[in-house]
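First up is the structure itself, then whatever we jot down about it.
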Amino acid sequence: GKNIKGIISALLVPFDEEGRVNEAGLRQIIRHNIDEMKVDGLYVGGSTGENFLIETDVKKQIFDIAKDESKDDIHLIAQVGGMNVYEAIELGQYATELGYDAISAVTPFYYKFSFAEVKEYYQDIVNAVDNDLIIYSIPVLTGIEMGLKEFEELFALDNIIGVKFTAADFYLLERLRHSFPDVLIYSGFDEMLFPAAIYEVDGAIGSTYNVNGIRARGILEAVKDNDLAKARQLQKESNDLIEAILANGLYPTLKRLLQLEGCDEGPFLSRKPMASITDEQLEEAKRIHEELL
Ligand code: NAY
């Protein structure tokens, strides 16, 4: 099996006024993650990458750039899922040929899919793609809730090696960890990394690690060292930051913080219909950068 552990940033993608990828800026963000945040990996094509707003060929372009810039220095996970299973397969095969360590797929959303439909979706992807797959469970955005029994059925499928668990259900997290010691479990809510670490997740995948990766690593290490006071303090500092970022607009603020950290090539806009940053938000981002980062 693969050893994809630790802090994994959900990669942010900067766009220009026409909605095109700002490649130079994207390369800077990738370098910042590797060189400054010391991340163990990147999760490419997640919600954080505004992935559900872009065309298939642009998704491939982003997979290309992330691989080219990071070479073999860190783990790369390609999020390929969505509502179009044929696209998921095409993207999964594409990322696998590029050398991605694993693929990941969100549960299909918008329609209220039954668990049987969700399971077949994963079966179809793993049958067609020669790579390991990490389930992406985020019920707050997808409406797809799965319990222990459903996860057990999915983990029984060949090549499904893990789950990105973006939920505040620590009872389910404990049951999963206990029941599947060999499955890779990633914490998906950055503001809850400390409690997830206590339940011995293998790592964490999240948006704020693009700027807060060092504190996040500190949380994982402090829990491993049984220094709970230190871990709690680092989570408190992280949450002061995350709270302010969420209140100011998650993706625009994270992109602005990256610019203030020196990723300065070209526009760092969001892709429509997501709004780009306003003057007020810019001011607040500056304060956040000075006082909380
Ligand atoms: C991705 O890009 O798909 C993710 O990593 C999702 C994880 C993030 N969840 C959401 C809903 O955005 O990192 C978290 C989240 O941004 C963070 O915890 C702040 O709430």
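We count ligands from 1, going down the list as the structure has it; atoms in each ligand are counted the same way. Position 1 is the first residue of the sequence; numbering continues from there.
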Show every donor-acceptor pair shorter than 3.5 Å between a side-chain atom in residues 75-87 and any protein atom, with sequence neighbours excluded, or say none if there are none.
unit_1: His75; atom_1: NE2; unit_2: Asn3; atom_2: O; d: 3.3
unit_1: Gln79; atom_1: OE1; unit_2: Gly81; atom_2: N; d: 2.8
unit_1: Gln79; atom_1: OE1; unit_2: Val106; atom_2: N; d: 2.9
unit_1: Gln79; atom_1: NE2; unit_2: Gly45; atom_2: O; d: 3.0
unit_1: Gln79; atom_1: NE2; unit_2: Gly81; atom_2: O; d: 3.4
unit_1: Asn84; atom_1: OD1; unit_2: Tyr86; atom_2: N; d: 3.0
unit_1: Asn84; atom_1: OD1; unit_2: Glu87; atom_2: N; d: 3.0
unit_1: Glu87; atom_1: OE1; unit_2: Lys59; atom_2: NZ; d: 3.2
unit_1: Glu87; atom_1: OE2; unit_2: Thr56; atom_2: OG1; d: 2.6
unit_1: Glu87; atom_1: OE2; unit_2: Lys59; atom_2: NZ; d: 3.3

Query raised in the report: Is a donor on one side and an acceptor on the other found under 3.5 Å between the side chain of Asn248 and the backbone of Gln281?
Result: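 Yes; at least one donor-acceptor contact below 3.5 Å.
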Query raised in the report: If you look only at pairs with a residue in residues 125-166, which of them pass as a ring pair (Phe, Tyr, Trp, His ring centres under 6.0 Å), with sequence neighbours excluded?
Result: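 Listed once each, the pairs are Tyr43-Tyr136, Phe151-Phe155, Phe155-Phe180.
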Would you give me the side-chain donor-acceptor pairs under 3.5 Å for residues 192-202, sequence neighbours excluded?
unit_1: Asp202; atom_1: OD2; unit_2: Arg177; atom_2: NH1; d: 2.9
unit_1: Asp202; atom_1: OD2; unit_2: Ile185; atom_2: N; d: 2.8

What are the polar N/O contacts of ligand 1 with the protein below 3.5 Å, with distances?
unit_1: ligand 1; atom_1: 2 (O); unit_2: Ser47; atom_2: N; d: 3.2
unit_1: ligand 1; atom_1: 2 (O); unit_2: Thr48; atom_2: N; d: 2.9
unit_1: ligand 1; atom_1: 2 (O); unit_2: Thr48; atom_2: OG1; d: 2.7
unit_1: ligand 1; atom_1: 3 (O); unit_2: Ser47; atom_2: N; d: 2.9
unit_1: ligand 1; atom_1: 3 (O); unit_2: Ser47; atom_2: OG; d: 2.8
unit_1: ligand 1; atom_1: 3 (O); unit_2: Tyr136; atom_2: OH; d: 2.6
unit_1: ligand 1; atom_1: 5 (O); unit_2: Lys164; atom_2: NZ; d: 2.9
unit_1: ligand 1; atom_1: 13 (O); unit_2: Asp190; atom_2: OD1; d: 2.9
unit_1: ligand 1; atom_1: 13 (O); unit_2: Asp190; atom_2: OD2; d: 3.3
unit_1: ligand 1; atom_1: 13 (O); unit_2: Ser207; atom_2: N; d: 2.8
unit_1: ligand 1; atom_1: 13 (O); unit_2: Ser207; atom_2: OG; d: 3.3
unit_1: ligand 1; atom_1: 16 (O); unit_2: Ser207; atom_2: OG; d: 2.7
unit_1: ligand 1; atom_1: 18 (O); unit_2: Asp190; atom_2: N; d: 2.9
unit_1: ligand 1; atom_1: 18 (O); unit_2: Asp190; atom_2: OD1; d: 3.3
unit_1: ligand 1; atom_1: 18 (O); unit_2: Glu191; atom_2: OE1; d: 2.4
unit_1: ligand 1; atom_1: 20 (O); unit_2: Glu191; atom_2: OE1; d: 3.4
unit_1: ligand 1; atom_1: 20 (O); unit_2: Glu191; atom_2: OE2; d: 2.7

Report task. Please confirm whether Tyr100 and Phe63 have ring centers closer than 6.0 angstrom. Result ->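 Between Tyr100 and Phe63, the centre distance is under 6.0 Å.
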Report task. Quickly, which of Leu292, Thr208, Leu250 forms a side-chain contact (heavy atoms from CB on, under 4.5 Å) with Ile242? Name it, please. Result ->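 Passing option: Thr208.
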